[in-house]
Amino acid sequence: MEFPASLRQALENRAASFPSLAQDAQALSLRYRADYQDGRRLLTTDSEAAAYAAARMPATFGAAAFALEQALEASGLSPVSLLDAGAGTGAASWASDALLPLESAVCLEREPAMIRLGKALMKDGSPALQQARWLQGDLTRELPCRAELVIASYVLGELSDQERSSAALRLWQAADSLLLLLEPGTPAGFARLKALRGLLMSQGAYIAAPCPCQGDCLLPEEDWCHFGCRVARSRLHKQLKGGDAPFEDEKFAYLALCRHAPSPGAGRILRRPYIEPGKITLRLCTPAGLEARTIRKKDPRFKEVRKADWGKRF
């Protein structure tokens, strides 16, 4: 899904106010790599918030849009109220608004600088985004409201194991229809979600996506489930990232949980399709288990399979 043009323009206009944006972006990147999991405050100024938004919002938007689209397709839901918990500058809210007829949105964020910027950016959004409520807080305390859709994107890794479990339970209790958890597509990010799935299923949650079946993850211990989306880079994005590539690939893991048992799911493509002359091999997670399936050119589905994407249902 394309990054909203109005949001891109608003980011560029905001960035023009801060001459040290590139240096702030590089410093933030180093800080997040070193201190992401210890819960400390990693940015406090408006310039740092603008640098973070310009560097990370396109990728976070892309990952959230991909994961939410898969969750909505699998669950058949169409929520109209949103709680974006750990909202940052609102990327997941923008993604939700692009896919749903949102009527209301609440953004919960710890850092005042992020809240100020998120509010300013949403002035160029839809009526639901323009009227979104921004509240200061984090996932270690009671959540301020319930919503049909609750999203926590790239925030669970900032918590300790005990805090993470408690936060996940609060997020699930706040979700009237659908909970979407999004983490980096690393072994550690996947492990965090894997540890939470059993806890939340014990509370009555059903897996909507990416898994096509309920129960324990079928992957071997040394493997991890993750997906990717390709994000177009703007001129500003290239400057902050220090490269000329026209795009970047964002790797992420996600878990979508709903309150009703979904219909038996189609398989999920776990890796990029392997294309050879006359055949395509897919690695699938299916209701029957993990499977490698080869589709040959004489198969009537061959043309359709050529368009199959990593992470999509099959």
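The figures here come from the full heavy-atom set of this structure, side chains too, leaving out hydrogens, waters and symmetry mates.
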*For E2, all residues meeting salt bridge (charged side-chain N to carboxylate O under 4.0 Å, His left out), sequence neighbours excluded*: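 Listed in chain order: nothing, the list is empty.
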*Who passes salt bridge (charged side-chain N to carboxylate O under 4.0 Å, His left out) against R272, sequence neighbours left out?*
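For R272 there are no salt bridge (charged side-chain N to carboxylate O under 4.0 Å, His left out) partners, ignoring immediate neighbours.
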*Would you mind listing every ring-ring contact (aromatic ring centres under 6.0 Å, His included) that reaches into residues 169-210, with sequence neighbours excluded?*
none
Identify, with sequence neighbours excluded, every residue that meets side-chain contact (heavy atoms from CB on, under 4.5 Å) alongside [X].
X: E103; result: V80
X: S104; result: S81
X: D46; result: F18, A113, R116
X: A51; result: L21, D24, A25, L28

*Is there a path from L102 to M1 through hydrophobic residues (I, L, V, M, F, W, Y) whose side chains come within less than 4.5 Å of each other?*
yes
*asked:* Taking L7 as the starting point, is it possible to reach F247 by hopping between hydrophobic residues whose side chains are less than 4.5 Å apart?
replied: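 In one cluster: no.
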Would you call [X] and [Y] a side-chain contact if the rule is heavy atoms closer than 4.5 Å?
X: P262; Y: Q214; value: yes
X: E183; Y: R192; value: yes
X: Q70; Y: Y254; value: yes
X: W94; Y: M57; value: yes
X: R197; Y: C211; value: yes
X: L180; Y: V150; value: no
X: D124; Y: Q9; value: no

Heavy-atom donor-acceptor pair, [X] side chain to [Y] backbone, under 3.5 Å:
X: E109; Y: W134; value: no
X: W310; Y: P273; value: no
X: R170; Y: L139; value: yes
X: E250; Y: C229; value: no
X: S202; Y: L199; value: yes
X: R110; Y: D138; value: no

_Heavy-atom count check: over 12 atoms from other residues, nucleotides or ligands less than 6.0 Å from R146 CZ?_
yes
*Anything under 30° is parallel, anything over 60° is perpendicular, the rest tilted; go ahead and classify F3 against F61.*
perpendicular
*V305: which other cluster members, linking ILVMFWY side chains closer than 4.5 Å, directly or transitively?*
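Members other than V305 - counting any ILVMFWY side chain reachable under 4.5 Å - are I269, I275, I280, L282, L284, I295, F302, F314.
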For [X] and [Y], work out which heavy atoms get closest and say how close.
X: R268; Y: A209; answer: NH2-CB, 3.6 Å
X: C145; Y: L83; answer: O-CD2, 3.7 Å
X: I151; Y: A92; answer: CG2-CB, 3.9 Å

_F252-Y154 aromatic ring centre distance below 6.0 Å_ =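 Centroid separation for F252 and Y154: 6.0 Å or greater.
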*Given the rule in the side-chain contact (heavy atoms from CB on, under 4.5 Å) test, do V106 and L82 qualify, once you have shown the distances and angles that lead to the verdict?*
CA-CA 6 Å; V106 174; L82 167 69; over 6 Å; no
*Carefully, step by step, assess L72 and S78 under the rule side-chain contact (heavy atoms from CB on, under 4.5 Å).*
CA-CA 7 Å; L72 296 175; S78 183; 5.9 Å; no
[atom1]-[atom2] distance between [X] and [Y], expressed to the nearest 0.5 angstrom:
X: S96; Y: L178; atom1: OG; atom2: CG; value: 9.5 Å
X: M114; Y: L121; atom1: CE; atom2: CG; value: 11.0 Å
X: R133; Y: L108; atom1: CZ; atom2: CG; value: 10.5 Å
X: T45; Y: E48; atom1: OG1; atom2: CD; value: 3.5 Å

*Name of the residue among L149, L255, L200 meeting side-chain contact (heavy atoms from CB on, under 4.5 Å) with L179*: L200
*For C285, which of P210, P212, C225 qualifies under side-chain contact (heavy atoms from CB on, under 4.5 Å)?*
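Among the candidates, only P212 passes.
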*Step-by-step salt bridge (charged side-chain N to carboxylate O under 4.0 Å, His left out) determination, R164 to D161*: CA-CA 5 Å; R164 190 177 305 122; D161 290 346; 2.8 Å; yes
*Check the pair K279, E276 against salt bridge (charged side-chain N to carboxylate O under 4.0 Å, His left out), reporting the backbone distance first and the verdict last.*
CA-CA 5 Å; K279 65 178 182 179; E276 300 175 275; 3.7 Å; yes
Applying salt bridge (charged side-chain N to carboxylate O under 4.0 Å, His left out), which residue pairs with at least one partner in [range] are found, sequence neighbours left out?
range: residues 200-217; value: none
range: residues 217-231; value: K194-E221, D223-R271, D223-R283, R230-D249
range: residues 62-87; value: E73-R313

*Which residues satisfy the ring pair (Phe, Tyr, Trp, His ring centres under 6.0 Å) test with W224, sequence neighbours excluded?*
H226
*asked:* Before you tell me yes or no, could you show the steps for C107 and M122 under side-chain contact (heavy atoms from CB on, under 4.5 Å), namely the whole-Å CA-CA distance, both residues' side-chain angles and the distance that decides it to 0.1 Å?
replied: CA-CA 11 Å; C107 298; M122 284 187 178; 3.9 Å; yes
*Could you please spell out the steps behind the side-chain contact (heavy atoms from CB on, under 4.5 Å) verdict for L100 and L68?*
CA-CA 10 Å; L100 292 166; L68 181 57; 4.3 Å; yes
